[in-house]
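Note sheet for the following structure.
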There are 2 protein chains.
Amino acid sequence: MRKALPDPQIEARRRQPVPETVDPAIEALVHDIIGKVADKWTMLILEALHEHGTLRFTQLGKVVGRISQKMLTQTVRQMEKDGLVRRTVHPVIPPHVDYTLTPLGESLGAAFCGVWIWAETHHAEIEQARASFAEREAATSSITAGD
Amino acid sequence: MRKALPDPQIEARRRQPVPETVDPAIEALVHDIIGKVADKWTMLILEALHEHGTLRFTQLGKVVGRISQKMLTQTVRQMEKDGLVRRTVHPVIPPHVDYTLTPLGESLGAAFCGVWIWAETHHAEIEQARASFAEREAATSSITAGD
DNA sequence: TCCTACACTCTCCTTTTGGTGCGTATAAAT
DNA sequence: ATTTATACGCACCAAAAGGAGAGTGTAGGA
């Protein structure tokens, strides 16, 4: 079994520079935003508020699921800073605070809708892919080209 | 300045249970998937491959930006497990491996498209929201209702 | 009178994430 | 003969994420 056959197609691609299509400045900016928004808790809270409208602290925690108070507070505060949620404090004595999405937050929620739908649609395929990967792993790892 | 005024509207909402609209089993499943997919590096790699089609290891790293080899390998392997990318090893001697999205990965990339567009559209608003939050923080924190 | 509810904050601790640098095999270029 | 290029794996370390539990202040219910 030969290993180092020349293969002109591979050689051709060998020293190709990275193809660039978009302005790197905008890329960097968008990457930064994605880095901040693409967080598990942010997405989960976003969806909770998108679904239920207005929720208070404890309710929000229950809807999100397994989130600690610490993370809930932290994430929600960051989202407030970013202008995604509005936090309203009612000055009563067992405290009452509620959270709702701003128009900006709503628009992000709408944008993520596609991802939620994707997840609902394709979760079976992911599980199947994992199973078949585990199977292949037992035999040979990954795919060897042209063989 | 009174603090504990009764406010019947607040009282009415006080003991309301969490409103439930969807099947908790599906929710849990989708939350799990989101938890895995809503990762900065996953999203960035997804977009890189969605934009450029097929890339080899080093190229992919450059397109993504500030990612270490370790993270790149790790994330790309997880994505392979989840059936999002196909990894092709060419058995030549300076090694040559390239990565491309599977149809499943492509569909997720398409779903995330909305989020990229959102980020491109609204990044100015986020920055503005942060600025005005910082300003308000200097005076009073958050919003006090009915005042 | 004691307990509970609410929306936190604070501290301590463990787990995860992520970075850096080193090694590797070998063909081709210098 | 030495260097370079590729796509990593491995070991070690720093930093960040995240959880657990205690405390807080007080109105209203038991």
Side-chain angles (χ1 to χ4, degrees), chain A residues 2-8 10-18 35-36 38-45 54-78 80 85 87-99 141-145, chain B residues 2-8 10-18 35-36 38-42 44-45 54-62 64-78 80 85 87-99 141-145:
Chain A
R2 294 178 300 165
K3 281 178 188 171
L5 70 169
D7 195 346
I10 300 300
E11 287 306 310
R13 254 194 270 166
R14 185 154 288 280
R15 311 245 176 202
Q16 251 183 11
V18 179
K36 293 202 160 78
D39 162 60
K40 185 188 171 187
W41 298 128
T42 303
M43 283 187 63
L44 258 18
I45 290 172
T54 296
L55 291 173
R56 48 196 303 202
F57 187 81
T58 312
Q59 286 181 324
L60 182 53
K62 281 179 188 166
V63 172
V64 169
R66 318 198 153 276
I67 187 171
S68 64
Q69 286 188 334
K70 182 184 170 180
M71 274 299 101
L72 185 52
T73 309
Q74 211 172 97
T75 310
V76 116
R77 289 293 158 83
Q78 184 59 49
E80 194 194 359
V85 303
R87 178 169 174 267
T88 311
V89 179
H90 301 276
V92 292
I93 271 304
H96 187 122
V97 179
D98 47 42
Y99 297 93
S141 100
S142 295
I143 298 169
T144 303
Chain B
R2 292 180 304 168
K3 280 179 188 171
L5 69 171
D7 196 347
I10 301 301
E11 286 307 307
R13 254 193 270 165
R14 183 152 290 280
R15 312 249 174 197
Q16 251 181 11
V18 179
K36 293 203 161 76
D39 162 60
K40 183 189 172 186
W41 299 128
T42 304
L44 258 18
I45 290 172
T54 296
L55 290 173
R56 50 194 303 201
F57 188 80
T58 312
Q59 284 182 325
L60 182 54
K62 280 179 188 167
V64 168
R66 318 197 152 277
I67 187 171
S68 65
Q69 287 187 336
K70 182 185 171 183
M71 274 298 100
L72 184 52
T73 309
Q74 211 173 93
T75 310
V76 117
R77 288 293 159 82
Q78 184 59 48
E80 193 193 1
V85 303
R87 176 168 176 268
T88 312
V89 179
H90 302 276
V92 292
I93 269 306
H96 187 121
V97 179
D98 48 40
Y99 298 93
S141 100
S142 296
I143 299 169
T144 304

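Every chain is numbered from 1 and lettered A, B, ... according to where its sequence line falls, protein lines coming before strand lines.
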If you check every side-chain atom of I93(A), which of dC8(C), dG19(D), dA27(D) has the closest atom? dA27(D)

Grab the NZ-C1' distance between K62(A) and dA5(C) for me, whole Å please. 11 Å

Using whole Å, what does the distance between atom C1' of nucleotide dC8(C) and atom CD of Q59(A) come to? 16 Å

How many Å lie between NE2 on H90(A) and C1' on dA27(D), as a whole number? 17 Å

Distance-only check: which donor-acceptor pairs under 3.5 Å involve side-chain atoms of residues 38-45 of chain A, not counting sequence neighbours?
from	atom 1	to	atom 2	distance (Å)
D39(A)	OD2	W41(A)	N	3.4
D39(A)	OD2	T42(A)	N	3.0
D39(A)	OD2	T42(A)	OG1	2.9

Gap separating the CD atom of E80(A) from the OG1 atom of T75(A), nearest 0.5 angstrom: 12.5 Å

Between V76(A) and M71(B), who's closer to the 5' end of DNA chain C by nearest nucleotide? V76(A)

For the side chain of V97(A), starting at C-beta, report the closest nucleotide among dT6(D), dC8(C), dC8(D). dC8(C)

Please list, chain by chain and in numerical order, all residues satisfying side-chain contact (heavy atoms from CB on, under 4.5 Å) with Q69(B), sequence neighbours excluded. F57(B)

P94(A), nearest nucleotide to its side chain (from dA7(C), dG18(D), dC6(C)): dC6(C)

Whole Å only: how far is the CG atom of L72(A) from the P atom of dC6(C)? 14 Å

Quick check for you: to the nearest 0.5 Å, what is the distance between R77(B) atom CZ and L72(B) atom CG? 10.0 Å

I67(A) CD1 to dG18(D) C1', in whole Å, measures 10 Å

T54(B) side, atom OG1; D98(B) side, atom CG - distance, nearest 0.5 Å: 6.0 Å

Calculate the interatomic distance between K40(B) atom NZ and dT17(C) atom C1'; express it in whole Å. 11 Å

Non-hydrogen atoms of R56(A) and V97(A) that approach each other most closely: CB-O, 3.0 Å

Atom pairs, protein N/O to nucleotides 9-16 of chain C N/O, distance under 3.5 Å:
from	atom 1	to	atom 2	distance (Å)
dT9(C)	OP1	R77(A)	NH1	3.0

Please report the distance, rounded to the nearest Å, between NE2 in H96(B) and C1' in dC8(D). 14 Å

Given dG18(C), is OP1 or OP2 found less than 4.0 Å from the side-chain N or O atoms of S68(B)? no

Atom-to-atom span, CH2 of W41(B) to P of dG18(C) - whole angstrom: 7 Å

Are M71(B) and Q74(B) close enough that some pair of their side-chain heavy atoms sits under 4.5 Å apart? yes

